[in-house]
Visitor: 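Mind having a look at this structure? Questions to follow.
Residue numbers start from 1 in every chain, and the chains themselves are labelled A, B, ... in the order their sequence lines are given, proteins ahead of strands. Just so it is clear, the values below take in all heavy atoms, side chains as well, and ignore hydrogens, waters and symmetry mates. Fair warning: this is a prediction, and the values are worked out from it, not measured in the lab.
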Amino acid sequence: MKRFTAFVKKEFFHVFRDRKTLLLLFGMPVAQIVLFGFALTNEIRNTGIVVCDYANDEASRRIIERLKASKSFRLDAVYQDRRTIESAFRSGRIKLAIVFPAHFNDDLLHLNAAQVQVIADASDPNTANTVTGFATGIIMDYQREILGGVVLPMQIKPEIRMIYNPELKGATNFVPGVMALVLVLICVLMTSVSIVREKELGTMEVLLVAPFNPILVVVSKAVPYFLLSLVNLTVILLLSVTLLDMPVNGSVLLLYFESAILILCALSLGLLISNSTSSQQAAMIISLMALLLPTMMFTGFMFPIENMPIPLQVISNITPAKWYYIIVKSVMIKGLGFSAIWKETLVLVGMTLLLLGISIKNFKVRLA
Amino acid sequence: MRTLKFLLQKEFRQIFRNKTILRMIIAVPIIQLLILPLAADYEVKKINISLVDHDHSAYSRRLADRILSSGYFRANDYSADFGRSLQEFQKDRSDLVLEIPAHFESDLVTRGEAGLFIAVNAINGVKASVGASYLSRIITAFNSDVRMEWISPPRFNPAPLIEVVPLNRFNPHLRYPFFMVPGILVILVTLIGINMCAMNIVKEKEVGTPIRKHHFILGKLIPFWIIGMFVFSLGLFGVARIVYGIVPEGSLLLLYGFLAIYMVALLGMGLLISTYCSTQQQSMSVAFFCMMIFILMSGLFTSVDAMPAWAQWIAKANPVTYFIDVMRMVVLKGSGFSDVKGHLIAVSVMAVFFNSWAIWNYRKTT
């Protein structure tokens with residue numbers, strides 16, 4: 001036991017001596033929370049638009065005024081020539097163009113029917129949809145204004161309530177995702193690279209012939225990352241509660257318990273990767289390409305899983321982070337207890353045992 | 001010159017000899033490019049809805065039919081028990097609960113007004129607001145249908161009505177991969193450029209190869225420049241064209257010209273990181289940290305326009321932003337040289353800046 005603590009101490013020295021690696025370890029969660037919390041939104045704000053106004057009458061001008069006043073749009077220019085729209089789209093300055101035909105106001109007041117064309121840059125389909133919807137809303141507001149106070153008979157009035165996240169904050173969705181991502185990344189990447197490093201530099205042989213169980217050599221490498229991950233988890237939780245006003249509705253203890261399982265699972269995976277490679281570059285590329293991107297994709301916090309083709313949905317089930325994400329959402333945001341998440345917990349425990357079993361079985365005491 | 005030739009030969013041999021790295025450089029990006037765009041589908045569809053009907057009238061059933069036949073919604077359960085639906089809601093099995101109160105039909109007909117209750121699971125804000133707006137649109141349409149049945153419409157519009165005619169330019173079928181594939185291709189090229197370059201150079205440091213500096217730098221940068229170009233071409237012609245049917249609208253020459261300069265900027269950055277690091281683990285950590293911020297701030301997933309001012313400055317100092325923008329403009333919209341001139345200048349400045357800083361720092365340290 002004394003020898004084991006000595007080994008763990010050595011590993012801690014390795015970690016803390018390396019300032020640049022610490023940047024990743026502690027800088028990443030903080031940077032992610034700040035960026036996701038304050039910089040990245042799916043809202044429509046300041047979208048560039050142009051108006052092509054052949055009418056140039058009262059109605060078109062009043063609608064242009066409304067568009068200008070909207071926070072969603074930034075009016076780039078008003079043209080009188082349709083061809084300029086095309087070049088404006090090509091230059092990337094605008095995402096939407098609105099065309100008023102000649103005699104717009106006359107048609108509207110005399111025929112009671114007028115048309116407006118709304119052209120969206122649909123290379124980004126979702127933005128195109130939303131922006132078209134916003135512009136339509138603004139035009140309809142004008143219509144309502146000229147209609148005056150006409151009340152329609154037989155109204156259905158839906159009452160809509162947003163549950164769990166009434167302000168529709170993005171944070172509620174991504175904080176659990178960032179937690180999963182950071183824990184998996186640090187544990188898998190760091191453990192595998194630091195073990196392979198000893199192999200590559202040739203110091204692994206020295207460690208393996210030490211009068212000490214070889215498995216424990218590897219375990220002592222994992223201990224610092226286990227503890228650091230828990231520290232990171234605390235930092236993320238504190239930041240999201242203080243900076244982003246996130247609730248922690250469920251039991252914090254349960255949250256830590258579940259996180260510990262995920263960390264163990266990730267560490268076993270890191271161990272497995274380090275067993276099967278002998279160069280740091282290979283270990284890193286496997287961790288990054290084959291693990292980081294799938295974790296980002298299949299967790300469900302960036303891309304909705306239910307939209308994916310069925311085979312991908314099936315594959316998503318083997319990503320440990322997906323189950324962890326469900327657990328964190330249930331505990332942290334919905335405030336549910338263990339009875340609601342025992343199945344997910346069981347899956348995580350099963351994965352951990354399996355990975356740990358395989359990596360211990362494959363662990364080679366002799367190097368090639 | 002001769003030394004450089006041998007160095008390049010050595011680098012390529014090293015890369016081709018190492019099967020893991022070779023496989024990762026070539027195969028993984030292609031697989032990612034095949035799978036990621038399928039997964040990165042933000043279109044909101046298949047919203048699970050729980051219908052709670054306390055009314056059981058002709059109208060309530062018609063409303064339910066109308067919602068379910070719209071194609072956006074999938075019935076999770078249809079009951080008269082709000083408590084059970086709420087449980088489904090907690091388990092994430094349904095995203096929306098629509099409660100139709102008792103006397104819905106009679107209230108609507110006799111009192112001229114009826115209420116509905118909609119609960120939305122808003123953990124995912126985007127999905128919640130899109131789902132709610134789909135549902136309100138359907139309810140409004142149902143409402144005007146009902147109104148039509150009771151009140152016969154006049155021949156002409158009684159009041160002025162504006163008809164909005166929407167048109168989707170450049171991607172009329174609103175296919176999401178068209179938007180994602182060019183962006184993801186950029187990310188893959190970037191990942192290979194920065195990470196591989198930074199780690200590979202530091203590796204030589206760790207091992208300690210004795211060689212002249214400019215030979216060393218060129219001998220390292222040129223192979224990665226070529227690999228980057230190769231992976232890009234493979235992605236553009238092999239995957240984007242054959243699998244997704246994306247044919248660049250604009251000039252290929254422009255695209256490759258931009259890529260050539262972009263790769264120089266990227267490799268300069270990799271070199272810069274390597275000059276500050278002494279172990280592979282360090283360079284990997286720093287490169288990864290930078291990459292993460294670059295990718296998130298590049299406008300790949302969220303629009304740069306919507307960011308606050310300070311974040312827009314970061315986005316402007318980010319080479320990835322420019323290349324993603326150029327890719328989308330040239331490939332999807334057919335933008336020409338004059339449209340991307342600004343981007344080209346920005347990336348050229350970065351290329352010069354990173355490389356000179358890296359070389360200056362390299363001289364200083366060794």
Visitor: At a heavy-atom separation under 4.5 Å, does A:L189 approach chain B through its side chain, its backbone, both, or neither?
Guide: side chain
Visitor: Rounded to the nearest 0.5 Å, how far apart are CG of A:L185 and CZ of B:F288?
Guide: 4.5 Å
Visitor: A:K329, A:K95, A:Q115: which one forms the most heavy-atom pairs within less than 4.5 Å of chain B?
Guide: A:Q115
Visitor: In terms of heavy-atom pairs under 4.5 Å, which option from B:R111, B:E99, B:E113 contacts chain A the most?
Guide: B:E113
Visitor: Do B:L116 and A:E159 have side-chain heavy atoms sitting under 4.5 Å apart?
Guide: no
Visitor: Identify which of B:G336, B:P182, B:A311, B:P308 forms the greatest number of heavy-atom pairs closer than 4.5 Å to chain A.
Guide: B:P308
Visitor: Looking at chain A, which one of B:Q312, B:M307, B:M292 has the largest number of heavy-atom pairs inside 4.5 Å, strictly under?
Guide: B:M292
Visitor: Is the shortest side-chain N to carboxylate O distance from B:R328 to A:D124 below 4.0 Å?
Guide: no
Visitor: Pick whichever of A:R93, A:R74, A:H110, A:Q32 has the most heavy-atom pairs under 4.5 Å with chain B.
Guide: A:Q32
Visitor: Which one wins on heavy-atom pair count under 4.5 Å against chain B: A:F89, A:F298, A:F104?
Guide: A:F89
Visitor: Search all heavy atoms of B:F289 against all heavy atoms of A:M28 and return the closest pair with its distance.
Guide: CE1-N, 3.6 Å
Visitor: If you count heavy-atom pairs within less than 4.5 Å of chain A, which of B:V340, B:D305, B:L98 leads?
Guide: B:D305
Visitor: Answer with side chain, backbone, both or neither: which region of A:M140 has an atom nearer than 4.5 Å to a non-hydrogen atom of chain B?
Guide: side chain
Visitor: Roughly how far, to the nearest 0.5 Å, is the CG atom of B:N168 from the CG atom of A:D121?
Guide: 9.5 Å
Visitor: Rounded to the nearest 0.5 Å, what's the gap from OG on A:S123 to CD on B:E249? Could you check?
Guide: 11.0 Å
Visitor: Is it the side chain or the backbone of B:L332 that comes within 4.5 Å of chain A heavy atoms, both, or neither?
Guide: side chain
Visitor: What residue, out of A:G27, A:A97, A:P311, A:A128, has the most heavy-atom pairs lying under 4.5 Å from chain B?
Guide: A:G27
Visitor: Please classify the contact of A:E86 with chain B as side chain, backbone, both or neither, using a heavy-atom distance under 4.5 Å.
Guide: side chain
Visitor: Taking side chain as everything from C-beta outward and backbone as N, CA, C, O, which of these in A:I333 sits under 4.5 Å from a heavy atom of chain B? Side chain, backbone, both or neither.
Guide: side chain
Visitor: Just by distance, do the side chain of B:R169 and the backbone of A:A122 share a donor-acceptor pair under 3.5 Å?
Guide: no
Visitor: Less than 4.5 Å apart, any side-chain heavy atom of A:L35 and any of B:I293?
Guide: yes
